[in-house]
Amino acid sequence: MTLLKRGLSRRRVLQTGLAGIIGTGVAPMIFTKGAWAQEFCNNPTGDTVTFGLNLPLTGAYAEEGADEQKAYELAIKHLNGEGDGGLLNVLQPSALKGNGILGKKVAFVSSDSQTKSDVARAGATRMIERDGAIMITGGSSSGEAIAVQGLCQEMGVIFMAGLTHSNDTTGKDKKRYGFRHFFNAYQSGIGLAPVLGQEYGMDRRAYHLTADYTWGWTQEESIKNATEAMGWNTVAAVRTPLGSTDYSQYLTPILNSGADVLILNHYGLDMVNSLTQAVQFGMRDRQANGKDFQIVTPLISELMAKGAGESVKGIFGTSNWHWNLQDAGTIAFTKSFGAAYGSPPSQAAHTAYVQALLYADAVERAGTFYPPEVIKALEGHEFDGMGNGATLYRAEDHQCIKNVLVVRGNESPTSEFDVLNVVQEVPRETVAYDPAIFGGELGPSEPVPMC
Amino acid sequence: MLTMPRNDLLLFLGFAIAVLTMPIWMAPFGAAYPDLLQRFMIYGLFALGFNILFGLTGYLSFGHAAFFGVGSYAAVWSMKLLTIDALPAMIFALIISGIFALAIGYVSLRRSGIYFSILTLAFAQMSYNLAYSVLTPITNGETGLQLNINDPRYLDRMFSAATPSVPSPTMLGLPLTGFTGFYFCAGFLIIAFFIAQRITGSPFGMMLKGIKSNQTRMNYTGFNTRPYTLAAFVISGMYAGLAGSLLAITDPLAGAERMQWTASGEVVLMTILGGAGTLVGPVIGAWLIKYFENIFSAINENMLARFWDFLPDGLDHAAVVVSAKFVGEGWFLTLGLVFVLIVVFLPGGIMEGVRRIASWIDRNRKSTPKSASPKTQPAE
C-alpha cells in the first residue's frame, strides 16, 4: 500500500501490471505458436534447406576450419547441381540427383567456433534456433565435436562431425544424433604400431607429449597400448595445454629422460609448433640408448606437414585420407577442389565434403528430413567411391569403418603440396574393433526432441 | 522495503518491462532467439554484479570470470550428483562462488588500485589453469564438463527411475529450454537488478561510494573499510556465480574457457562500455557485446553481398571486401572501434550519452514555455 502513497495512482499500477502480463504471458506464445506446426526441429517447409556449418576460423585449428569451409561450399554447390558434380558421380550407391536435397536447394549458415567448446555450442544453438539449420556439421576439435554432439542430441538435430579423432566421439560420448566419418585414435594406434615396430625396432622407450583434452588423452592411451603391446616402454606422458606456442619447457626434460622416441599427440598449430621446436632442439640428430632418436606424430595432415616444412621429413603418422591416392573418388575430389581453390584438399576438407554428401544421400534414401528416419538410413550404410575404399557407417557407434593410411613426411617434395607419402594402406578389417570396448550409449532417436 | 523513491521505482519497472518484452523488440535486430536472449540475461547479471564492486567501490577486479566459471562447475556438479532441478544447482553455485570470492577477496583486498587488479588477475588465471589441466578429474579440462546418462543424481533416483536419455535441466518439473529458459533467466536478472538497486541506495551503498571517492578519508573518519569492500567483493562474486550457474542450467556444459582472462576482461569492457557506476549501463554494455559477438561474427560475405547489392557493379564488390574485414572473424575489430569511440567521446559510457541526450531534450523543452520538465518535480 505504501506503493500507492508514493505517487503511484491505481490506474498506473493497473497499467503497468497489464503491460507485465502482456509481456510475460503473450510474448512467448507469439514466438512458440509456429513450433506446433512442424513435427520436428526446423522441418524445411520452403524451397531451401539450410546446413549449419560450425567451423573453427580462429584458434589453434583455424587452418583446418578454413579448408573445411571451402569443402562445404563446394559440396553444397555440387549438391545443387552446380560445378562439375565432384563426388556425386562416383558415390556408390547413390540416391543423389544434383537438384538439391529432396528437390530443395541447399543453403548454409556458418559460425566461427574459435576452437572453443563453449563458443561452438553457442554458434550451433544460434544456427538451429535462429537460422533454422536442419543439420549441423563441421568442427576440427574433438572437444567441440563432443560438446556440439551433446547439444544436437538435446535439440533433435543431426550432427555430422567434421575432423574429430578422439575415441570418445563415437565411444564414451557417442550420441544417436551424432555421426563421424573420420577415423579415430584407436585405429591410428592399430595402423601405426606395426610400421613403427618394423622401422624402429621392438625395444624402444617412448615419451609422449599430449594435448590436454579428450582427443589427446585418448590418442595417448591408444598409441601407448598399441606400442606397449609390441614391446615398447613408455617413459612418461606429459600433458600440454591446447594452443601452447612455446614447448621448450616440455622438451628439455626429454633429453635426460632415457627416452629414444618422442610421440607428439598434438594437432594443428600445436603440432607445427611442437614438431618444429623439437627439431630445432636437435632431437633428430641425437642418439639415445645407442639408437637414433625418433619423432612420431600419430595424426598428421598435409596442412600441418606444410606448416612444419623441413621438420616433417621422414616422420611417420596416420591420415584419414590423402589427395594423392589413385582411386576414382580421390581423383575426382582433388580435381574439383583444385579447380575451385587452386590447391589440393586436406583430409579435413575431404571428411567435411564427404559428410555433407552422406547426409544428403541419407535424406534422399529416407525420403524425408525426419531425423529418426535419416539416422536409420545412415546406420549400417555401406558405400564406396569416396576415396577411402569400401566404407561402413557402423550402426553400433556411428563410426565409419574404412582403410587407414600410414603416411611419412616426404624427403624430397616436388611441390609445396607434396609433403606426405602414403606408406601403407591398412585394410579396414585390421582397424575394425568391437564397439563395446569404449562403453557409452547412443540414447534414443525418438521421441524427437523439439528445439 | 517498498519505500522506494519514485524515480527508482520507475527505473525498475521500466527495466523489467524492457527485459520481459525483449523477444518483441529484439526481433528486428535478428537477435530474438532464445539462446542469445538467455545470454543477454546471464551476462547482464554478470555485469550487474561486477558493477557492485567496480562501480561502487572503484576496485577493478580483473578476475571475475573465475567466479563465473566456479558457479558453472558447481551447478553442473549439482546436476550430475544431486538432481537435475535448477534450484539446488543455483543455491550450490551461490554458496561455492561465495566461499571462493571470500577466500580470494580476503587476500586480494589487502591491496588496492593496480595491485588489487593484478592479484585478482593472478588468482583467476590460476583458477583457469587449474580447471584447464590440473583438476581435470573435476573439470574435464578443455572438453568441458557435461551431463551423462549414467550420472548418479542421488536425489532424483530416490523419487524416480533413470531416464533412457540425458535429462535436461528443469525447475520443479518445468523444462527450462527455449523461451521458458529465457523468462527464467529474465526473472533472476530483474530480481538481481532490484537487489543491486537497493544496495546502491542503502547506507551500505553510500559507504561503498565513500570508499570509491576517498578511502583514506573514510579511514580517518573512523570507518574500517575492509569489511565493506570484502562484502561488496563477495556479493559481486556471488552475482557472477549465479550468472555462471544460469549459463550451465540453460546449456548444461561447463568449460574452462569461461574462466580465461579474456572472459574477465570482457566483463570489464561491458561495464565501461555501458557506464560504470550506473545501474542500467553495465547491462546494456553486456547486451551490446554479446550482440556483437553472436550476430556480427555470424555475418559472412554472402550476406554482405546481398546487403550492398544496391550499389553499382564493382563498387559493391569493393564495399563487400572492405566491410568483410569488420564482420565475421573481424567482429573484434568493430567492437574495438566502438569501444575506442565511446571511451574517447563518452567517458561515462553509453549511459552518459543517454544523459546528454536527455539534458539536450530538456534544454530544448525549457526554451519553449509551458511544458515543465518532469525531472525537476519533487517526488511528493
Side-chain angles (χ1 to χ4, degrees), chain A residues 1-3 6-8 16 19-20 22-24 27-28 30-32 35 57-58 62 109-112 114 116-119 121-123 125-131 141-143 146-147 150-151 153-154 166 168 173 176 211-217 239-242 441 443-444 449-451, chain B residues 1-6 9 13 16-17 19-24 27 30-36 39 129 132-133 136 140-144 146-150 164-166 168 177-180 182-183 186 247 251-255 257-258 293-295 297-298 300 302 328-329 331 379-380:
Chain A
M1 278 299 124
T2 28
L3 256 181
R6 301 292 297 189
L8 270 184
T16 44
I22 291 170
T24 47
I30 294 171
F31 289 92
T32 48
L57 300 174
T58 48
V109 287
S110 57
S111 168
D112 177 10
Q114 301 174 21
K116 289 178 183 173
S117 313
D118 255 11
V119 183
R121 257 173 101 103
T125 321
R126 178 181 63 244
M127 293 191 288
I128 295 169
E129 288 185 348
R130 189 186 67 156
D131 306 324
S141 136
S142 294
I146 289 169
L151 176 91
Q153 176 86 15
E154 284 163 28
S166 168
D168 292 346
D173 296 312
R176 181 68 66 183
D212 196 359
Y213 73 107
T214 169
W215 167 68
W217 306 335
R239 305 275 163 89
T240 64
L242 177 66
E441 268 177 75
M450 270 310 303
C451 57
Chain B
M1 184 70 182
L2 284 172
T3 52
M4 271 171 100
R6 186 176 162 196
L9 191 66
L13 289 177
I17 291 168
V19 164
L20 290 174
T21 54
M22 250 181 147
I24 299 169
Y33 61 98
D35 181 61
L36 182 58
R39 269 164 219 276
N129 276 325
Y132 199 82
S133 49
T136 41
N140 206 18
E142 205 273 337
T143 322
Q146 282 197 61
L147 301 181
N148 267 321
I149 297 180
N150 29 17
S165 58
V166 181
S168 56
T177 50
F179 280 101
T180 328
F182 162 69
Y183 284 106
L247 190 59
D251 181 7
L253 171 115
E257 307 93 82
R258 57 180 71 158
E293 183 184 288
N294 284 279
I295 305 296
S297 70
N300 56 32
N302 294 341
E329 302 125 81
W331 70 272
E380 295 285 337

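Residue numbers begin at 1 in each chain, while the letters A, B, ... track the order of the sequences.
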Value rounded to 0.5 Å, distance of CD in B/Gln146 from CZ in A/Arg121: 5.0 Å
Nearest heavy-atom neighbours spanning A/Asp212 and B/Tyr132: OD2-O, 3.9 Å
Heavy-atom pair with the smallest gap, counting every atom of B/Glu257 and A/Asp118: OE1-N, 3.1 Å
Sort [X] into side chain, backbone, both or neither according to what part of it lies under 4.5 angstrom from a heavy atom of chain B.
| X | answer |
| --- | --- |
| A/Arg239 | neither |
| A/Gln153 | neither |
| A/Trp217 | side chain |

Quick one: of [options], who has the most non-hydrogen atom pairs under 4.5 Å with chain B?
| options | result |
| --- | --- |
| A/Ser111, A/Ala122, A/Gly123 | A/Ala122 |
| A/Thr125, A/Val119, A/Leu151 | A/Thr125 |
| A/Ala147, A/Gly443, A/Gly150 | A/Ala147 |

Interface moiety of B/Asn148 toward chain A, non-hydrogen atoms closer than 4.5 Å: side chain
Per-residue contact mode, B/Thr136 against chain A (heavy atom under 4.5 angstrom): side chain
Highest number of heavy-atom pairs under 4.5 Å with chain A: which of [options]?
| options | result |
| --- | --- |
| B/Thr180, B/Leu36, B/Asn294, B/Val19 | B/Asn294 |
| B/Pro34, B/Ser168, B/Ala16 | B/Pro34 |
| B/Gly255, B/Ala254, B/Ala31, B/Pro252 | B/Pro252 |

Side-chain donor/acceptor of A/Glu129 to backbone N/O of B/Tyr33, under 3.5 Å: no
Residues in side chain to side chain donor-acceptor pair (under 3.5 Å) contact with A/Asp173, at least two apart in sequence or another chain: none
Results of side chain to side chain contact (heavy atoms under 4.5 Å, CB included) for B/Glu293 - residues two or more places apart only: B/Glu266, B/Lys290, B/Trp331
